[in-house]
Peer 1: 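I have a structure here, written as structure tokens, and I will follow up with some questions on it.
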Amino acid sequence: MAELGTVTLHLALVLALYAGAGSVAGKLRSSSSLLLSVRRATYLLPVVLAVATLSLVAAFVRHDFRVEYVARHSSLAMDPIYTWVALYAGNEGSLLFIAFAFSLLSAAALALASRSLAGSLPYTNAILAGVSAFVLGVTAFLANPFQTLPVAPPDGQGINPLLTHPGMFVHPPLLMIGLIGVSVPYAIAVGALLTGDRSDAWVDQARTWSLVVWAILGSGLLLGAWWAYTILGWGGYWGWDPIENVALMPWLVLTGFVHTVMVQKRRGMFGLWNLVLIAIAFTLALFGIFINRGGPVPSVHSFGASTLGWVFLAFLAFSVAFSLVVLLVRAPALRGTAALEFHFSREAAFLFNNLLLLGVALVTLWGVVYPLVSQMVRGVAVTVGAPFYNQVNGPLFLALVFLMGVGPLLPWRHASWAVVRRAIQVPGLAAVLAASLLALVGVRQPVALFAFGLCAFVVAGVLQEWARGTWVRHRRGQNLVAAFASLVGANRPRYGGYIVHLAIVMVALGVIGSSFYGTQRDVVLAAGEQVSVGGYTVIYRGTRVETHPDRTEFFHHLQGMKGQRDLGPLVAWRAFYPDRRMASTRAAIRSTPVEDLYVVSTESLEDGRVVFRVMVKPLVWWIWMAGPVMILGTLVSLWPQRRPLVESAAGAKRAAVSAVPVE
Amino acid sequence: MMALVVGGVLAVVCVVLLVLPFRRRATVLLPEGSPAQALERQREAAYEEVRTLNQDYLLGDVPQEQYEARLQVYRLRAARLLQQLDDLQELDRQWEARIATFRAGDGATTTAVICQECGGAVSSRDVQCPHCGSAIAPADPTDRGGPAGKEGNA
Amino acid sequence: MVTALALATAGCVSPASPPSLEEQAQDLDKSLICPVCPGETIDQSQAALAKQMRAIVREKLAAGESREQVLEFFVKRYGDGVLAAPPKGGFHLLAWTVPPVLVLGAAAGLYALLRRMGRQRPRRGEATGGGDLEQKELAPYLARVDEELRLLLGPSGPGSPLPPGGKATGG
């Protein structure tokens with residue numbers, strides 16, 4: 001199996017190199033045969049890589065410890081379902097997985113764009129193949145997962161216990177796909193730029209792919225937060241860890257891109273700016289992969305020292321130089337045609353939203369690299385952690401939420417004061433009402449009040465937009481449901497976007513609630529003892545111990561009470577892995593929309609007592625619920641818009657043209 | 001051993017699939033980003049603008065006089081685009097007529113082909129496309145030694 | 001927005017009610033990095049050293065030391081790296097000032113740019129609708145456009161103007 005893996009890996013590398021070089025040659029020589037052939041190479045790549053990936057999976061399933069990677073990341077005692085997770089538990093397997101996933105994305109992108117972007121497709125193909133070739137080259141020559149050991153060990157070292165969590169089936173693949181996937185909209189945009197295609201035909205394709213990648217990255221980030229919340233045992237979900245940060249940055253820039261690309265689609269503006277944005281997103285995504293796979297910054301996620309760093313750095317530098325040269329050479333042809341009118345236009349709001357998103361990304365990047373700067377300039381080791389990001393990014397996020405509320409209420413081009421005032425009347429009132437209501441209830445923290453007010457502003461704005469549109473249609477004779485459906489159907493990108501805005505507000509609610517109003521207690525309990533935290537009582541009933549070859553599992557049975565109401569049994573799980581001298585926990589969480597009761601055991605003392613951390617975290621539920629809402633919104637805004645008349649008229653014309661005899 | 005066989009078969013399949021396009025008669029790729037297509041897109045965009053403008057107007061976000069002014073802009077834009085599209089088609093017709101006369105004259109020596117850049121009809125005698133000015137690849141797909149095409153319309 | 005930012009910063013420094021000793025301790029836990037487990041605060045980490053440090057934090061607070069004194073104690077022992085965020089002073093002021101300066105600078109630049117673009121807004125030919133001559137030439141095409149728009153927009157299209165309907169429902 002290992003040999004088959006190595007053979008297919010090299011075959012894939014040859015295919016990718018051929019696709020890259022052949023695309024450029026085919027375009028330059030206008031050879032349709034060559035172009036057709038290289039497109040096939042791109043379609044073949046996922047097939048070949050599927051064989052390679054499957055042979056690694058097979059090696060895991062058959063416990064083929066002759067393969068070094070399998071020996072390092074699995075063991076006989078391991079639960080077989082975690083084979084899939086073990087596949088990307090280390091550098092080598094992750095790179096193979098990234099290459100496979102990316103080849104699928106590339107093939108899909110080419111197939112989707114082959115009609116509308118026939119002209120720039122060769123360049124797009126070349127860029128996609130170039131990225132593939134780089135990943136495959138590194139995998140084949142520097143981090144081959146099929147490397148065999150001279151003698152097969154009797155048992156493997158086993159998987160990192162932190163990775164044996166259901167979230168791990170989805171979170172790492174989504175992040176990896178998301179990061180490498182930024183290359184797709186980048187390749188489409190730069191392909192069009194290289195061709196000199198000024199028709200903006202690439203905008204649709206780039207928007208589709210950037211939204212897809214955006215949703216994938218966003219889901220990956222949310223799932224990662226959920227994983228951290230349930231398993232890391234400190235009750236947080238976001239630690240501003242370098243690895244989280246580098247996945248967040250391209251997501252932020254993509255968020256900006258999916259906004260301004262709409263302006264380009266609708267108003268023909270920001271063409272150059274969008275190219276700059278997507279180039280930045282691509283660079284940050286590469287940087288993310290670089291930090292993930294052998295970067296210089298310490299992190300809980302880092303998979304040990306790796307020699308890959310320099311290779312990645314070189315590729316990163318090369319791609320930055322490439323983007324810069326392409327942009328500088330082609331930029332003069334891309335002057336926007338429509339003038340931006342200032343005052344309160346939606347375009348201006350989009351620009352400021354971009355600025356803030358880039359600002360947050362920049363702050364985060366600065367935080368990630370500052371320790372290196374300090375080390376190099378002063379030789380002093382410093383840490384840039386949560387307090388820094390919370391203080392610097394916090395206000396920027398609040399400003400973003402504000403813009404998210406105001407932007408959609410502003411009309412395109414130019415809004416008179418009267419229009420603006422009328423548009424923000426109701427949401428503004430809602431914000432003030434919500435804040436004063438909360439103040440009455442007893443929320444005293446001014447920042448929290450302000451932030452909750454902003455959330456209310458956004459929600460009220462979205463509801464007002466829906467209500468107004470529905471009402472107008474209703475008055476023209478549709479019933480309310482049909483009116484609402486046809487309203488959303490008439491402008492899916494816009495109303496899908498509103499749904500996503502609601503999801504963002506849900507995340508904001510959770511973050512504000514849990515960071516301003518959490519209660520936490522660390523206690524030592526003997527069986528039968530209890531503790532009260534924030535209106536809850538937790539009674540420790542006793543512990544059941546299970547012994548496995550590689551670990552000892554503790555099931556701490558607890559009972560939760562809210563006031564006098566019994567919440568039923570809770571189990572806080574903890575496992576100790578003696579070989580690795582590592583513990584892994586699974587918190588007992590009682591989740592409601594209002595607040596979570598969170599109990600995690602941190603240590604078992606020798607006298608049989610157990611150390612628990614008990615927390616009450618308000619509104620965290622909303623963060624996880626935002627995921628499905630976000631995906632729903634993305635789907636709505638991606639759903640193809642039907643354009644009956646124009647489409648059919650254009651289609652008929654095209655048919656007429658192609659019916660002309662050409663022989 | 002098994003691995004080498006499977007890998008070898010896979011490699012052979014790949015090579016066959018990749019070489020096939022060269023053996024077959026060259027297929028003409030779809031016209032790429034032709035001017036007609038670009039015009040159509042712009043016209044669609046203009047209609048889209050009218051549609052959303054109309055929506056905003058119905059919602060009361062745009063005052064009457066602004067609405068009318070902008071509507072006029074988009075109508076004119078769309079009309080101009082229609083005009084240009086018609087001009088293009090007129091050109092097409094002229095060329096077809098010329099091709100017909102060519103073929104009637106010395107049919108055996110010339111063939112009509114499609115410009116790879118704009119999709120317009122051109123004669124194989126042409127070195128440059130009369131529509132978009134880009135260089136014409138040689139008509140015979142097997143003759144790849146001829147003058148190489150270059151980006152002409154960037 | 002400026003007031004929003006001001007409010008936000010003001011809120012950060014003035015908590016509503018004086019926090020209890022344990023709350024202060026938890027806050028300190030989150031501001032100190034465990035020296036033996038990179039990237040984790042002593043609040044997150046379960047290492048023996050982190051537990052020790054948590055105990056020291058509580059001891060010192062109970063003895064009446066201030067937050068700054070506790071932090072200083074750990075910095076003396078383990079260096080600047082023990083702080084979860086660089087100190088706001090000396091060279092490390094760079095860490096805090098560079099991003100806000102860049103963001104504010106970019107915002108100012110963007111504002112200025114928009115102002116300039118807003119001022120030089122010469123209406124180009126298109127907006128005025130061209131000359132009469134062109135209008136005449138375009139007439140058949142305009143008719144086609146109107147026909148297509150009617151099909152596209154249905155009865156609510158510009159061909160049959162409706163009075164603006166939103167005013168009553170805006171509130």
Side-chain angles (χ1 to χ4, degrees), chain A residues 232-234 236 239 241-242 298-300 339-343 348 351-352 355-356 358-359 362-363 366 370 374 377-378 380-388 391-392 394-396 398-399 402 422-423 425-426 444-447 450 467-468 471-472 475-476 520-521 583 602-603 644-646 649, chain C residues 1 4-5 7-12 14-17 22 26 30-31 33 37-41 43-46 54 79-87 91-92 94-96 98-100 102-103 106-107 110 114-115 117-121 124 148 151-152 155-156 162 165-167 169-171:
Chain A
L232 287 186
W234 52 280
D241 181 273
S299 143
V300 286
L340 188 76
E341 290 165 44
F342 186 52
H343 295 300
L351 266 189
F352 277 100
L355 177 82
L356 285 171
L358 276 178
L362 180 97
V363 169
W366 178 244
Y370 184 75
S374 166
V377 178
R378 299 267 312 241
V380 182
V382 291
T383 319
V384 178
F388 172 81
Q391 284 173 52
V392 183
L396 291 177
L398 283 182
F402 174 71
R422 195 155 56 80
Q425 242 170 21
V426 175
R444 285 286 174 269
Q445 175 64 248
V447 184
F450 179 73
R468 244 157 41 103
W471 188 246
V472 167
R475 289 203 324 175
R476 300 213 316 264
Q520 170 184 333
R521 272 188 77 179
T602 53
E603 196 181 3
L645 175 93
V646 181
Chain C
M1 209 155 76
L5 294 183
L7 226 119
T9 17
C12 285
S14 62
S17 61
E22 176 59 23
Q26 282 175 10
K30 287 175 183 138
S31 323
I33 296 289
C37 23
E40 282 191 280
T41 61
D43 177 64
Q44 291 166 290
S45 171
Q46 294 307 325
R54 284 203 293 258
D80 282 348
V82 80
L83 298 174
F91 176 76
H92 293 307
L94 262 186
W96 294 91
V98 167
L102 280 181
V103 172
L110 188 62
L114 290 176
R115 278 289 292 272
M117 285 172 85
R119 241 183 278 127
Q120 44 158 270
R121 203 191 317 151
R124 274 166 295 176
E148 287 186 345
L151 277 171
L152 183 69
S156 64
L162 263 177
K167 267 177 185 137
T169 54

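Each chain gets a letter, A, B and so on, in the order the sequences are listed, and its residues count up from 1.
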Peer 1: Name the region of A/V384, side chain, backbone, both or neither, that has any atom closer than 4.5 Å to a heavy atom of chain C.
Peer 2: both

Peer 1: Among C/D43, C/L83, C/V103, which residue has the highest count of heavy-atom pairs closer than 4.5 Å to chain A?
Peer 2: C/D43

Peer 1: Quick check on A/V363 against chain C: is it the side chain, the backbone, both or neither that has a heavy atom closer than 4.5 Å?
Peer 2: both

Peer 1: Heavy-atom distance under 4.5 Å to chain A: side chain of C/Q44, backbone, both or neither?
Peer 2: both

Peer 1: Which heavy-atom pair separates A/T383 from C/G81 by the least distance, and what is that distance?
Peer 2: OG1-O, 2.6 Å

Peer 1: I'd like to know if the side chain of A/W366 and the backbone of C/A95 have a donor-acceptor N/O pair within less than 3.5 Å.
Peer 2: yes

Peer 1: Kindly say whether C/P86 contributes a backbone atom to a donor-acceptor pair with the side chain of C/W96 at under 3.5 angstrom?
Peer 2: yes

Peer 1: What is the minimum heavy-atom distance between C/P99 and A/F388, and which atoms define it?
Peer 2: CG-CZ, 4.5 Å

Peer 1: Between A/G359, A/A583, A/P387, who has the most heavy-atom pairs with chain C when the cutoff is under 4.5 Å?
Peer 2: A/P387

Peer 1: Could you state the interatomic distance from CG (C/L94) to OG (A/S374), rounded to the nearest 0.5 Å?
Peer 2: 10.0 Å

